[in-house]
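Encoded as structure tokens, the structure appears first; notes follow it.
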Amino acid sequence: VEGSEDLRRCSEYVDMWKKSELYELLVFFFFNDTATTEIYTLSLHDALPIYEFSGKLSPHFSKPTRRFTEQMIFGVQASGAVKLSEVARSLNEGIALSKTETRLSRNLASDGLEEALLFDIAKMGARRAHKDTLLLIDPTDVRKDYAKKMEYLATVRDGSKGELVKGYWMMEVVGCELEGKRITPLYQSLYSADAPGFLSENDEILKAVELISTHSKKRGVWVMDRG
């Protein structure tokens, strides 16, 4: 992409994406230590699109996993939060809240769930990619100031404040058009430099590029956000 104006618009798209509900939805399986939200109840009219989306997202999952995916998407939207306790409370299952939290937590740890969701989201989103679609790749961070026992918690640089803090790195890719405002989520993966198997940030970038390129048939223009 040539020209400072185009680059400025690309940066604006990334900022818009990070403020959207879809951004929050795709990080539903990570705790938000400082979130305070008002809980409300979704109507059936609001819930139906969620179930439809979930069905497209996970047609090959087992019935329990499909149900779990529906509940997590519904819970994040209904509670307006990504804290597991708030998601569990919004489901209003009529049993002890701790039991719902335990079940959701156990399902979140299911082997292969994250990889399957990454694959399906990339496959669905890449269908919207055209020759000139901007594919914005953004290596970013998730700050966890109050976390003490989270798995593979590492030191990261908070890009917005220039501080070294505890947290995780995140690789994100969204698609958008220069003359449009629709943002398509394509990829989002949380990782830690302290986790077994971690190689480098470049390796994480290549994983994202290869997955999206496979599904988009190499359509689109890649843009790297290094701000």
Side-chain angles (χ1 to χ4, degrees), residues 1-30 48-61 65-66 69-70 72-74 76-77 82 112-142 159 168-191 198-227:
V1 179
E2 298 181 356
S4 59
E5 179 64 18
D6 287 342
L7 292 176
R8 181 188 65 79
R9 294 191 65 176
C10 290
S11 178
E12 289 178 352
Y13 283 131
V14 173
D15 291 339
M16 288 168 56
W17 161 241
K18 290 184 176 179
K19 294 175 183 178
S20 71
E21 289 185 356
L22 275 175
Y23 176 87
E24 189 170 80
L25 178 61
L26 289 180
V27 293
F28 69 82
F29 41 84
F30 306 118
L48 285 176
I50 293 176
Y51 295 139
E52 181 180 356
F53 170 73
S54 176
K56 293 179 180 178
L57 184 64
S58 54
H60 55 281
F61 287 165
T65 302
R66 288 200 303 271
T69 305
E70 289 174 355
M72 287 301 300
I73 295 173
F74 181 92
V76 168
Q77 295 291 79
V82 292
L113 177 62
E114 180 182 359
E115 291 79 4
L117 288 173
L118 280 175
F119 183 90
D120 289 339
I121 289 170
K123 184 177 180 180
M124 291 174 62
R127 295 170 184 167
R128 298 182 176 182
H130 306 292
K131 183 182 69 172
D132 297 323
T133 298
L134 299 182
L135 304 176
L136 311 181
I137 186 164
D138 180 23
T140 186
D141 59 89
V142 176
Y168 298 95
W169 295 110
M170 183 180 290
M171 192 64 58
E172 300 176 315
V173 182
V174 298
C176 63
E177 310 297 333
L178 271 177
E179 301 303 324
K181 293 186 177 181
R182 184 177 70 178
I183 297 173
T184 302
L186 295 169
Y187 186 93
Q188 187 174 76
S189 179
L190 196 75
Y191 63 95
F198 172 79
L199 296 178
S200 66
E201 181 183 68
N202 284 343
D203 181 64
E204 297 297 327
I205 292 173
L206 287 174
K207 287 179 184 177
V209 171
E210 289 174 358
L211 180 62
I212 302 305
S213 295
T214 297
H215 290 303
S216 68
K217 309 299 182 184
K218 297 185 178 181
R219 296 187 302 269
V221 179
W222 285 96
V223 181
M224 176 72 74
D225 180 6
R226 303 294 294 178

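All of these numbers come straight from a predicted model, not from anything done at the bench.
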Next item on the list: Begin from the C-alpha positions of Q188 and E172 and carry the test side chain to side chain contact (heavy atoms under 4.5 Å, CB included) through to its verdict.
Entry: CA-CA 4 Å; Q188 187 174 76; E172 300 176 315; 2.6 Å; yes
Margin query: My understanding is that only residues two or more places apart in sequence, or in another chain, count here; which of them pass side-chain contact (heavy atoms from CB on, under 4.5 Å) with A208?
Written below: I137, M171, V173, Y187
Check: Can you tell me how far CD1 of I183 sits from CD of E177, rounded to the nearest 0.5 angstrom?
Finding: 11.5 Å
Margin query: Measuring from atom CD1 of I212 to atom CZ of R219, what distance do you get when rounded to the nearest 0.5 angstrom?
Written below: 11.5 Å
Margin query: Quick check for you: to the nearest 0.5 Å, what is the distance between K217 atom NZ and R127 atom CZ?
Written below: 11.0 Å
Notebook entry, point to check: Under the side-chain contact (heavy atoms from CB on, under 4.5 Å) test, which residues partner D203, sequence neighbours left out?
Noted result: L199, S200, K207
Note to self: If you compare all heavy atoms of S216 against all heavy atoms of A129, which two are closest, and at what distance to 0.1 Å?
What the structure shows: CB-CB, 4.1 Å
Notebook entry, point to check: When the ring planes of Y191 and F198 are compared, do they come out parallel, tilted or perpendicular, using 30° and 60° as the limits?
Noted result: parallel
Item checked: Atom pair CD1 (I121) and OG1 (T184), whose distance is rounded to the nearest 0.5 Å -> 12.0 Å
Check: Of V174, L186, V209, which meets side chain to side chain contact (heavy atoms under 4.5 Å, CB included) against L135?
Finding: L186
Check: Taking it one step at a time, do F74 and E70 satisfy side chain to side chain contact (heavy atoms under 4.5 Å, CB included)?
Finding: CA-CA 6 Å; F74 181 92; E70 289 174 355; 6.0 Å; no
Checklist line | Intermediate values then yes/no, side chain to side chain contact (heavy atoms under 4.5 Å, CB included), T133 and R128 | finding: CA-CA 8 Å; T133 298; R128 298 182 176 182; over 6 Å; no
Note to self: Could you report the tightest heavy-atom contact between S189 and E114, atom names first, then the distance?
What the structure shows: OG-OE2, 3.7 Å
Check: When rounded to the nearest 0.5 angstrom, what is the spacing between CH2 in W169 and CD in E201?
Finding: 7.0 Å
Check: Atom NE2 of H215 and atom CG of L211: how far apart are they, to the nearest 0.5 Å?
Finding: 4.5 Å
